[in-house]
Amino acid sequence: MAGGGGFVLPKARPKGPPYFSRNQVATVLHQVAVLLELNGANVFRVRSYQNASRMLGGLTEDLGELVATGRLFDMKGIGKGLGSALTQAIGEGRWPSDWQDLHEQTPKGLIEMLGIPGLGPKRIKLMNEKLGVDSVATLKQAALDGLIAPMKGFGEKSQNRMLDGIELLARFRARRRLDVGLKYGEAFQSKIAALDGVLKAQLAGSARRRKETIGDLDLVVAVESEQHEMVSEAILGLPGIADVKGAGDSKISIILDTSVFEGGFTVGHIDPNVLEAIGGDDYEQLESGGTIDAQVRLVPPEVFPFTLAYFTGSKEHNIAMRQRAIDRGLKLNEFGLIPDEKAGDLKGMAAAKFSLPATDEADIYRHLELDWVTPELREDTGEIAAAESSGLPSLLTGKDIRGALHNHTTLSDGEATLEEMADTARKMGWNWLGIADHSPTLKIANGASAEDLLSQGETIRQYNAAWKEEGVDFKLFHGVESDILEGGKLDHPDDVLEQLDYTVASVHALSKWKARDEIQNTEELIRCIDHPSTTVLGHPTGRILQGRDGYEVDLFAILEHMAEHNDEGRLKAVELNASPYRLDLDWRLCKHAKGLGVPVIINPDAHSIRGLADVSYGVMAARKGWIESQNVLNSLSASELTQRLA
Ligand code: DGT
Ligand code: CA
Ligand code: CA
Ligand code: ZN
């Protein structure tokens, strides 16, 4: 739980008591314990706060009631001092002054160091005393100078681990993955939307455009002018705010932490291959101590569509739109679309009084003689020309998805059985599901032997026969995710592969591929694609978002080569791996695959039943890449797919 997160005392909620939630209280007690330890407090005192935090965090009873009835004092581990402190906080909305002092007087640099995975307050205190280290930057220097290793109880290994941790933290802090950003953004948006006086609250920025990573969150809120102050204050009182960077009546800059999630933040099952790249066991700690910046803008309802459009971006799309407005004697900004002759020297909201009216974004586009452009496409990659000529694509939606080909079961490294996976797919309304467990070479993922693979195929045939008999319109397809070996070879003998419905060929031995150059890697992949059994090229670059770059490969050449096969009637599809850790094929290349007529298959690469739902992130990325229903294999029915695979 210790992390780079807030370490500020949460503000009391406006209506109380109870002024703080159970989660908030548990977090504060934990933080006080950590701060006490950083300040060298007595170990028993530290422990009593830790224990109280754990006890209250796991409490099923209502905390407000425990305080109101005084029963809090009867609880094990709550002494007189702590009991009174909590009674005052929860009942009156005031944290004890010594807790406030602790938060204010502990050097920020020491708190920042807590965000480094695997580093706790005790060792931070030691390094601070012995080496004068007082921030992540000074710690890094000390480690680089080799000053940490000789300290008693530290050593070379722990010094290197600290350097790795510092790098991991920096990468993690810079941007967040789309799935994480959306979770924070949607949680905070719904809290704002529920406040009195809020007419509308919407996520804008890169999150709304479904970029694969998010720098910061942008939220636009419609509120009548006379209520801005009230709403602005209510927003600042919401749980989840770790720090306030700036606050006015129309713009609030804050840092959100995981307390924005009522039920806490869980990362779920992560494929071991991926986990290794994003920090291994440290990842969960990084994520639970994580934060994200957010900017909230409050505007009157008549200005809302303009502000929403502006802060949705992208900057490049905005610039093209503004130019289009200029060409028509109009000025487009976050407040309105204002005729030049009326705006004169007026600026901002004053000029906006003369704006052309808009009740929604579509009105703004209409004023500029354009069809409304879905946010995913607003990257200035041809969407404006398309919107001008009724040429925007009719994008794929989640409803078009009838199945996916790359999923794992307990036969390799999946959590769920074949039956559980099939059941879940049927409940999701899918018409078919493809199972592609790992091949023998991938030991880390428990790759299955040919024998076990073929016996899985037998089970699948039995299921399919039974469903057919019962009149159930659902089919399992049997494939494999084969490692791509030296020379572009597949990981099973040809006679085994021939018995399968399809093969997903994927690179997993990243270090080998990273050691080679683009030309060599491209040749290897082409050789693999030419294998008659290869149907799908899995996660084509091997990148892990926030984890590692992919290997060098000329994907344009690969896609062109795949296009030749397809032209000659041999199905070669490119995967858009929908795991939010991958989103590989990148959306920027989807449009290229589409243009070449290479089918895209959106695969959740599910390692659990929950993992199947990741297909939605793939749909987001595909939409961003201009993909329509007819460009993906996922939209085919089971019988259509059977024909395509034949
Ligand atoms: P991010 O946060 O890095 O993931 O990406 P965005 O797109 O959310 O960028 P952000 O948060 O800096 O700004 C939100 C939107 O505001 C951006 O997409 C477009 C608009 N915007 C920001 N700065 C400018 C600017 O200098 N010119 C124009 N035309 N628009 C801007
Ligand atoms: Ca942003
Ligand atoms: Ca921003
Ligand atoms: Zn894989």
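Remember, it's 1-based here, ligands and their atoms both numbered in the order they're listed. All values below come from the heavy atoms of this structure, side chains included, with hydrogens, waters and symmetry mates left out.
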Fill in: D605 versus S579, side-chain donor and acceptor atoms under 3.5 Å
no
Discussion item. Classify the ring geometry of F556 against H592: parallel below 30°, tilted from 30° to 60°, perpendicular beyond 60°.
Written reply: perpendicular
Worksheet entry | Whether D218 has an N, O or S atom under 3.0 Å from the Ca ion (ligand 3) | yes
Worksheet item: Does a salt bridge link K315 with D380, judged by any charged N lying under 4.0 Å from a carboxylate O?
Response: no
Worksheet item: When you check the space around the Zn ion (ligand 4), which protein N, O or S atoms turn up under 2.8 Å?
Response: E481 OE2, H508 NE2, H539 NE2
Worksheet item: Any side-chain donor-acceptor pair under 3.5 Å between Q499 and H492?
Response: no
Worksheet item: Looking at E376, E379, E316, which hits salt bridge (charged side-chain N to carboxylate O under 4.0 Å, His left out) with R209?
Response: E379
Practice prompt. Taking the Ca ion (ligand 3) as the vertex, measure the angle between atom OE1 in Q295 and atom OD2 in D216; round to 10°.
Written response: 90°
Practice prompt. Could you tell me whether K251 and E334 make a salt bridge, using a distance below 4.0 angstrom between a side-chain N and a carboxylate O?
Written response: no
Discussion item. Can you see whether H561 engages D530 through a side-chain donor-acceptor pair at a distance of less than 3.5 angstrom?
Written reply: yes
